Trainee: 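One structure follows; several queries about it will come next.
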Amino acid sequence: MMLVRILVTGACGQIGSELVPLLRERYGKDNVIASDIVVEKLKMLSEPYEVINVLDREKLEKVIKEYDIDIIYHLAAILSAKGEENPQLCYQVNINGTYNVLEAARVGGVEKVIIPSSIAVFGPETPDNPGEITILKPRTMYGISKVFAELAGEYYYHKYGLDVRGLRFPGIISWKTPPGGGTTDYAVEVFYAAIEKGHYTYFVREDTTLPMMYMPDALKALIQLMEADNSRLRYRFYNVSGMSFSARELTEVIKKFIPYFTVEYKPDERQKIADSWPSRLDDTAAREDWDWKPDWDLERMAKDMIENLSKKLRKRV
Ligand code: SER
C-alpha cells in the first residue's frame, strides 16, 4: 500500500463523510486529514482534522506544510440549486476556493489533487450521451465553476506538473449523509419521504431523466482514478456513469418495496437546471483507461437504500 498523506476538503459533506473513513481504512487513520468549516461535524469524523475555510489560502498552506500532504481530495463546493440561490457565494467558494487549493498545492509541493466535477458542466447545447470532449456551456454558476475547475486543473498539470484529476459525477445517491442544495437531491429525498411518510412531492416532472450513481460506486471511482497509472490517462477529467432513470421509473421501483408509496410531481425552478443536463453520459474512456465499471443498478440500489435508511430512521416499511 502507498505511504501517503491525504487532505480532504469538504470532509463533512455527502461524499466526504463516507470517503474519509474509507481512505483511513486504506491508508491509515493518521494519514488522512479531514477538513471542513464546521468544527462540530468534524468532531464526528474524529481526528486528525483541521478547520479550513477554502477561502483562507494561508490556512490551506499551513496545513499542507504541517502534515506534509501528498494528495488533496478537494470536495468543498456549493451545489447547483444552492448556487443559483446565491451565485456570488458559489463563485467565491467554488472558483476562488478551487484556485486557492490549486495554488496552495503548487506552493506546498503536493503531488496530486482530485476534484469532483459534475454533469453540471454540460448545458442545453451539449448533445445527449456526451463524451469527454463536447460543448461545455453550462447555465448555472455551479456548472461554470466546475468548468473552471477542469480547465484550471489541466492548466496546473501542463504548466506546473501538478497531477490534477477528476470525475464528472452524475447525481449521487446515498443513505448516510444527505446531499445539500443539488438539483439531483430529489433522488435521495424521495427515499427519506417514502420511508418516513409514504408520500413524496417531486420538484421535477415525472419524465425528468438524469444520470445517477450509488455512493459505493462513487467512492470506488474516486479511489480508482486517484491510484490509476498516469501514463494510461488520456484526459484529466473523466465522465463516469452508473445508471439513468426518470423520476417515474424511480417511483415505480420504490413501490416494489413500499407498495403504499404515493407521489406528486410539482416542478419548481430546479426543473430548468435538470432540463439543461444530459440524461446519460458516455464513460467509455474511463472504462478503457482505468478499468472503471459500476457495480450498482437502479433496482439493487433502491433495495439497499430502503434497507439501510429504514434501519437508520428506525422505521419499518
Ligand atoms: N448533484 C449535483 C447537483 O445537483 C450535480 O453535480 O448540483
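Since the structure is predicted, the reported quantities are computational estimates derived from the model, not experimental observations. Numbers for residues simply follow the sequence, beginning at 1. First listed ligand is number 1; within each ligand, the first listed atom is number 1.
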Trainee: In terms of the angle between their ring planes, are Y156 and Y160 parallel, tilted or perpendicular, with boundaries placed at 30° and 60°?
Mentor: tilted
Trainee: Give every residue pair that meets the ring-ring contact (aromatic ring centres under 6.0 Å, His included) criterion with at least one member in residues 70-95, sequence neighbours excluded.
Mentor: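 Every pair satisfying ring-ring contact (aromatic ring centres under 6.0 Å, His included) with a residue in residues 70-95: there are none.
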Trainee: What pairs of residues pass the ring-ring contact (aromatic ring centres under 6.0 Å, His included) test when at least one of them lies in residues 209-255, not counting sequence neighbours?
Mentor: Y214-W296, Y235-Y238, Y238-W290
Trainee: Need the ligand 1 atom indices (1-based, order shown) with element for anything under 4.0 Å from a heavy-atom of S80.
Mentor: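 Taking each heavy atom of S80 in turn, ligand 1 has 3 (C), 4 (O), 7 (O) under 4.0 Å.
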Trainee: Would D295 and K220 count as a salt bridge (charged side-chain N to carboxylate O under 4.0 Å, His left out) here? Give the steps.
Mentor: CA-CA 10 Å; D295 294 323; K220 183 171 93 162; 3.2 Å; yes
Trainee: Charged N to carboxylate O under 4.0 angstrom, D128 versus R280?
Mentor: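 So D128 pairs with R280 through a salt bridge.
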Trainee: What atoms in ligand 1 come closer than 4.0 Å to a heavy atom of L79?
Mentor: 7 (O)
Trainee: Is there a polar contact, in the sense of an N or O pair closer than 3.5 Å, between T184 and ligand 1?
Mentor: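 Indeed, backbone or side chain, T184 has an N or O that close.
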Trainee: Going by the closest heavy atom to atom 6 (O) of ligand 1, which one wins out of S118, P211, A274, S117?
Mentor: S118
Trainee: Please list, in number order, the atoms of ligand 1 under 4.0 Å from a heavy atom of T183.
Mentor: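 Heavy-atom distances to T183 below 4.0 Å select 3 (C), 4 (O), 7 (O).
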Trainee: Heavy atoms only, cut-off 4.0 Å: how does Y186 contact ligand 1, side chain, backbone, both, or neither?
Mentor: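 Looking at Y186 and ligand 1, no heavy atom falls under 4.0 Å.
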